[in-house]
Amino acid sequence: MHGLLQRAIGKFRAASRRRAKAIGLAFVAALLTACATTEVDPRYRPSASALEIIAVLERHVPDDTYRFEPARDFTDRNVYRSSLLRLENLEQLHGDALRAGHLDGAIAFAKGRALERLRAYDLAADAYHLAAEREPTLRDEALRSADLLDTLHEVVTAPTPLAPAKVDPQRTGALALPDVDAALARFEERAAKLEELARAAEGTHHAYVISEEIERADLERARYFSRLRDVLPDGDVRAVSELERVALRHGDSKHANRHLLALADLYADLSIDYVEDHPPEGLLFDPGAFKDLVDSGSRIYEMVAARDGAPEKIEAARRLEAFLAFALSVDRDRFTP
Amino acid sequence: VKGWAIALAAAGALACATPAALPEGPPIGPPARHAAIVPDELDHAAADLAVAVLAADPARATRALDTLEGAERALRPDGPATGLVPAGFEAADAIRAPGRAGLAATKLLLERDDLDDASRARLERWLADDPLALAQQRIGEARFTAVARLFNAVSEPTGRSLISPTTIFAAPLLPFTLGSSLAHYSIDFARDDALPLQRRQALVQWERLSHEYPDAPEVAELAPKVADYQQAWRETQAASARRRAEDALDDGLPDAAWIYAQRARRYVDDEDARGLTARAEARIAVRERALASAVRYGGADDADSLAGERGTVIAALGGASGVAAAPPDPRLADEERFLHANALGRAGDDGAMWAELDALADETGSPMARHADALRRDRERNPYRAFVRARSAERWSTTGWVLLGPLTAAPGRGALGLLDYLLDLPWRIQGAALLPVRLIQLPWRESTPGAAATAVHARTYLALFPRGAHAEEVRDWLLAFESDRENWVGALRVAESAPDSSDAELDVLRERAAEQALKVASAEKRSDLRARLLANVVQAFPETRAGAEAGRAVREQVVEHTSHAVRLSRGFLLENHAVAGPGGLDLAPALLDGDPRNGELHPDGVTLVGGRELSVAVLAESGDEDDPPRQIAARLSEADYGRLVALLEETSFRNSLLDDDDAIDANAQRDVVFERARLGLADDVDERPAAEARYAYRGMRERYGMVRSREQLIPVELVVQGSLTDLTLGAFPRLRPPKTTPDAVLYRD
């Protein structure tokens with residue numbers, strides 16, 4: 001009986017040991033599986049990196065960057081800038097693997113796609129030309145993009161209408177007023193060329209790039225009049241109407257808040273100028289005119305300050321407080337909100 | 001064991017004492033050129049796929065992907081996988097599943113087990129950035145926060161009553177403490193925004209979804225919810241504007257109150273907002289009436305009578321000595337007193353001037369009393385009165401706090417504020433009884449905003465009346481104030497303006513002020529500004545110890561300054577072999593073998609100092625890591641330098657994906673230096689101080705030690721809390737609400 005018991009205990013212990021061993025092995029295996037890392041074979045790292053960068057970039061090529069902020073990648077950088085930098089890193093790091101040239105066309109084309117979103121149109125066109133030369137499959141699209149970007153580069157780098165003022169021959173030592181009509185004609189000419197390009201690029205992602213340039217051209221025109229508002233006849237009114245034009249024409253733009261802020265800033269500047277030119281304690285101060293300016297500026301600031309999640313919200317809120325503090329510092333018998 | 005311990009200690013001592021040599025050869029390898037790698041079938045298939053993706057040709061991309069899969073099966077029939085195929089799927093899906101269709105494709109891709117870990121982390125982050133996912137997460141957080149608040153409102157009083165050393169006394173009070181806590185919870189609940197932060201964030205994400213993907217089926221489903229949230233948002237905005245209007249009314253700013261009340265009405269035109277507008281208008285009307293009465297002339301109203309008074313007034317104003325003559329007409333006595341007071345002030349006797357004006361202002365019924373009163377209330381013109389009042393208010397506040405403690409706090413606005421105060425009254429009374437504790441705390445009590453305001457009035461007074469009747473008293477107070485808050489530069493300025501300061505006192509203050517200025521200068525990060533600040537310390541405090549120290553620091557900076565300093569610490573190089581190895585720096589292996597006898601890298605590691613120059617820090621001769629290292633200069637070829645910065649960037653990108661604690665630190669100057677290196681412009685060094693790149697790549701162990709503290713997965717914590725003010729101690733579980741996201745600031749009003 002004792003022997004049987006001993007054997008049973010022995011069997012039980014052996015089984016327990018086996019079970020413990022099996023559990024131990026399973027645990028170690030599970031641990032190893034959990035700790036195992038999956039990595040691309042270093043031999044194929046260059047090809048894998050190229051595919052990864054192109055995948056990320058290509059997913060964002062159709063993005064409407066006129067209406068929406070450009071996407072950011074995992075490095076929290078603009079995805080086009082990040083892709084460009086990573087393509088450059090790829091070329092630096094894996095020069096030996098890329099020397100055969102099998103990825104040259106793809107990398108050049110991808111660089112073109114990234115550069116055109118960073119406003120480096122001439123460099124993008126160069127990259128597309130290289131891609132067209134190296135990769136027959138991409139040739140047509142590369143040449144189309146290169147042509148379009150060459151023209152776009154020409155249009156956006158044309159001399160600015162902000163020409164220096166000329167000496168007035170009628171009055172010694174005085175400068176002639178800038179030729180507003182000539183400047184306006186050049187702005188219109190640039191706008192017409194951009195509109196024409198936009199029609200040519202319709203249905204492609206380049207349409208968004210050109211929309212951004214049209215917006216910039218409109219903004220430049222508005223700035224021209226804002227900067228000259230002190231010297232042009234009715235300069236203040238013209239400056240306000242030009243900034244309003246930008247805000248209205250580009251209400252869908254990702255910069256819509258910025259355009260509104262610029263308009264509110266102009267009203268704030270006009271209010272300050274008004275108080276400087278017509279001190280509130282003086283007889284020429286018109287409370288109604290001042291109130292108009294304050295109301296317009298503060299209403300626009302308030303509108304932007306109410307836009308949750310927009311970075312301009314903070315700017316607008318702080319500027320609104322500062323503007324109201326300025327307005328309320330005007331003698332209370334001269335300005336009643 | 002004893003023997004081992006002794007041997008280990010001896011070895012340790014020997015190791016510490018081993019002097020370190022310089023490395024025998026150059027610290028980095030010579031420029032290397034590797035043979036080209038011939039692409040195989042897989043590489044060609046990947047290149048074809050890349051081209052198809054860039055050409056936005058889904059059919060061709062699918063064919064290329066099939067070829068890639070086939071090539072891998074042929075090359076590695078039994079594994080292991082190369083990792084190229086998942087990269088291929090991601091690339092093909094970029095055009096086969098554009099827009100939101102990419103979410104489903106990415107989820108499928110994540111199910112593959114041959115996906116690279118870094119790619120997996122990257123794709124998971126991309127999925128988490130989807131507007132719907134973000135909105136869902138924020139709403140989950142809002143719900144959890146609401147539950148946590150209720151749970152904590154119950155658990156805290158329960159725990160403090162039941163799990164406390166004084167349970168026998170605290171337990172019977174449980175019904176009351178629990179009731180009070182729940183009442184507080186209800187008050188807070190009633191005060192909550194109609195749309196709390198996380199739900200506002202969710203609303204923005206839903207709106208983002210509808211703008212970016214107007215045709216997505218979720219947009220129509222969410223429309224009613226979005227409308228509800230937008231209404232709640234308007235109510236939140238209105239409540240915020242009403243609060244501001246009430247604050248402005250409390251601060252005596254009816255114009256601002258009117259503006260905020262109008263803003264509230266633009267969001268929700270309710271009774272409260274209209275009431276606030278009416279209150280602001282009533283206050284403005286009162287002020288208007290006061291202004292109107294102030295400008296009303298109470299004298300004669302016809303030209304003849306005015307002409308008759310002219311002579312009398314001129315006689316009163318015109319004194320030969322500039323001091324008003326005695327009034328020929330007793331009706332002008334007050335005017336004469338006012339002028340007399342002004343004359344006393346101009347003569348430099350500010351004490352007599354304000355005494356005269358005070359006396360005049362206290363006389364009611366006189367028109368000039370009103371002017372005198374306005375003048376004495378003007379904090380800019382009569383800073384001494386403002387100083388005395390602010391100091392008195394500060395004293396009262398401190399006395400009140402010492403005597404009554406929490407009872408001095410004023411109840412919040414409205415019925416809820418009063419209810420809140422009343423609920424806390426028993427604890428406040430209990431806290432008020434702890435006067436000895438507050439007496440002990442008194443010497444360490446920080447200066448209050450009231451003290452800062454008093455200091456402003458004191459400075460104004462000394463600027464206006466440096467030798468005034470109260471200058472000594474004000475100066476003494478200001479000196480004590482600046483010394484208490486250890487603003488020695490300010491204290492020195494006050495002491496120097498005092499005519500009776502001793503040289504010994506000034507010397508002590510000068511030394512302390514110099515130390516303070518040196519500390520500020522040394523903390524400046526930009527080298528040119530730092531040098532300028534240090535030079536200022538030398539010039540301003542030439543005779544002090546800190547002045548001499550600043551001089552030494554300026555000289556050191558001139559000698560040791562480098563255009564850039566991008567440091568790769570030894571810890572970083574040990575953890576990232578690829579950067580230290582032949583593909584990167586190609587550091588001599590002896591520098592990292594742990595043997596100081598053949599030269600060993602100092603913990604400072606290797607620094608990119610500008611151009612293509614490196615500074616390799618090796619252990620000092622003593623072999624002690626704490627001693628300043630010896631620097632060995634080295635230079636990389638243009639190609640190697642470009643490869644090194646590319647490798648550094650890619651390594652930090654990959655590390656950031658594999659380890660959340662190793663996030664990428666943005667540094668614009670460093671990025672510019674790297675960008676120029678990649679373009680082969682490293683030798684064209686930008687020497688402007690603003691372009692200096694100062695950055696350190698450090699190893700994870702250097703940053704976090706052997707064991708990193710991890711954020712708890714379960715949001716519950718056991719809190720043991722004691723309070724000196726009410727002498728209680730208790731333990732209770734608490735649900736930890738989720739942290740707000742960094743963009744929360746963009747949602748605050």
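So you know, we letter chains A, B, ... as the sequences are listed, proteins then strands, and number each from 1. In this text the structure is predicted, and so the values were computed from the model without any measurement. Heavy-atom basis, side chains included; hydrogens, waters and symmetry copies ignored.
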Side-chain touch [X]/[Y], heavy atoms, less than 4.5 angstrom:
X        : Y        : answer
B:Arg76  : A:Asp41  : yes
A:Arg77  : B:Asp671 : yes
A:Asp308 : B:Leu203 : no
A:Ile314 : B:Val745 : yes
A:Glu88  : B:Leu679 : yes
A:Arg45  : B:Asp116 : yes
B:Thr82  : A:Val40  : no

Heavy-atom pairs under 4.5 Å with chain A - which of [options] has more of them than the others?
options                                : value
B:Arg60, B:Arg748, B:Gln205            : B:Arg60
B:Arg120, B:Arg125, B:Arg200, B:Gln262 : B:Arg200
B:Glu207, B:His211, B:Gln201           : B:His211
B:Ala646, B:Gly83, B:Pro39, B:Gly88    : B:Ala646
B:Glu212, B:Gln237, B:His44            : B:Glu212
B:Leu644, B:Asp43, B:Val204            : B:Asp43

Under a 4.5 Å heavy-atom cut-off, does chain A meet the side chain of [X], its backbone, both or neither?
X        : result
B:Asp129 : neither
B:Ala52  : neither
B:Ala280 : neither
B:Leu84  : both
B:Phe89  : neither
B:Ser652 : neither
B:Arg112 : neither

(request) Tell me, for A:Leu320 versus chain B, whether the close heavy atoms (under 4.5 Å) come from the side chain, the backbone, both or neither. (result)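 When you check distances to chain B, only side chain atoms of A:Leu320 fall under 4.5 Å.
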(request) Under 4.5 Å heavy-atom distance to chain B, tell me which part of A:Leu93 shows up: side chain, backbone, both or neither. (result)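 Both parts, heavy atoms under 4.5 Å.
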Without placing hydrogens or testing angles, list every side-chain donor-acceptor pair under 3.5 Å for residues 97-110 of chain A, not counting sequence neighbours.
from     : atom 1 : to       : atom 2 : distance (Å)
A:Arg99  : NH2    : A:Asp96  : OD1    : 2.8
A:Arg99  : NH2    : B:His34  : O      : 2.9
A:Asp104 : OD2    : A:Arg134 : NH1    : 2.8

What heavy-atom pair brings [X] and [Y] nearest, and what distance separates the two atoms?
X        : Y        : answer
A:Ala306 : B:Trp233 : O-CZ2, 2.9 Å
B:Arg122 : A:Phe74  : CD-CD2, 3.5 Å
A:Glu58  : B:Ile95  : CG-CG2, 3.6 Å
B:Ala46  : A:Leu51  : O-CD2, 3.7 Å

(request) Indicate yes or no for a side-chain donor-acceptor contact from A:Arg59 to the backbone of B:Ala97 under 3.5 Å, with no hydrogens or angles considered. (result)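 Side chain of A:Arg59 to backbone of B:Ala97: a pair is present.
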(request) Mind ranking A:Ala48, A:Gly309, A:Ala325 by heavy-atom pairs under 4.5 Å with chain B and telling me who comes out on top? (result)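 Maximum pair count with chain B is reached by A:Gly309.
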(request) Return the option, out of A:Thr75, A:Val61, A:Asp63, A:Asp73, with the maximum number of heavy-atom pairs under 4.5 Å with chain B. (result)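 When all of A:Thr75, A:Val61, A:Asp63, A:Asp73 are compared, A:Thr75 has the most.
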Distance, nearest 0.5 Å, that separates [atom1] of [X] from [atom2] of [Y]:
X        : Y        : atom1 : atom2 : answer
B:Leu253 : A:Leu328 : CG    : CG    : 8.0 Å
B:Leu115 : A:Glu39  : CG    : CD    : 12.0 Å
B:Leu54  : A:Leu138 : CG    : CG    : 6.0 Å
A:Glu52  : B:Leu123 : CD    : CG    : 8.0 Å

Electrostatic pair [X]-[Y], nearest N-O below 4.0 angstrom:
X        : Y        : result
B:Arg208 : A:Glu69  : no
A:Lys313 : B:Asp743 : no
B:Asp40  : A:Arg43  : yes
A:Arg81  : B:Glu675 : yes
A:Glu321 : B:Arg244 : yes
B:Arg266 : A:Glu302 : yes
A:Arg86  : B:Glu649 : no

(request) Would you please name every residue forming a side chain to side chain contact (heavy atoms under 4.5 Å, CB included) with B:Val645, sequence neighbours left out? (result)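 Checked B:Val645 against side chain to side chain contact (heavy atoms under 4.5 Å, CB included); matches are B:Tyr641, B:Phe674, B:Ala677, B:Arg678.
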(message) Could you check whether atom CD of B:Glu41 has more than 12 heavy atoms from other residues, nucleotides or ligands sitting under 6.0 Å from it?
(response)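 Check fails, neighbour count at 12 or below.
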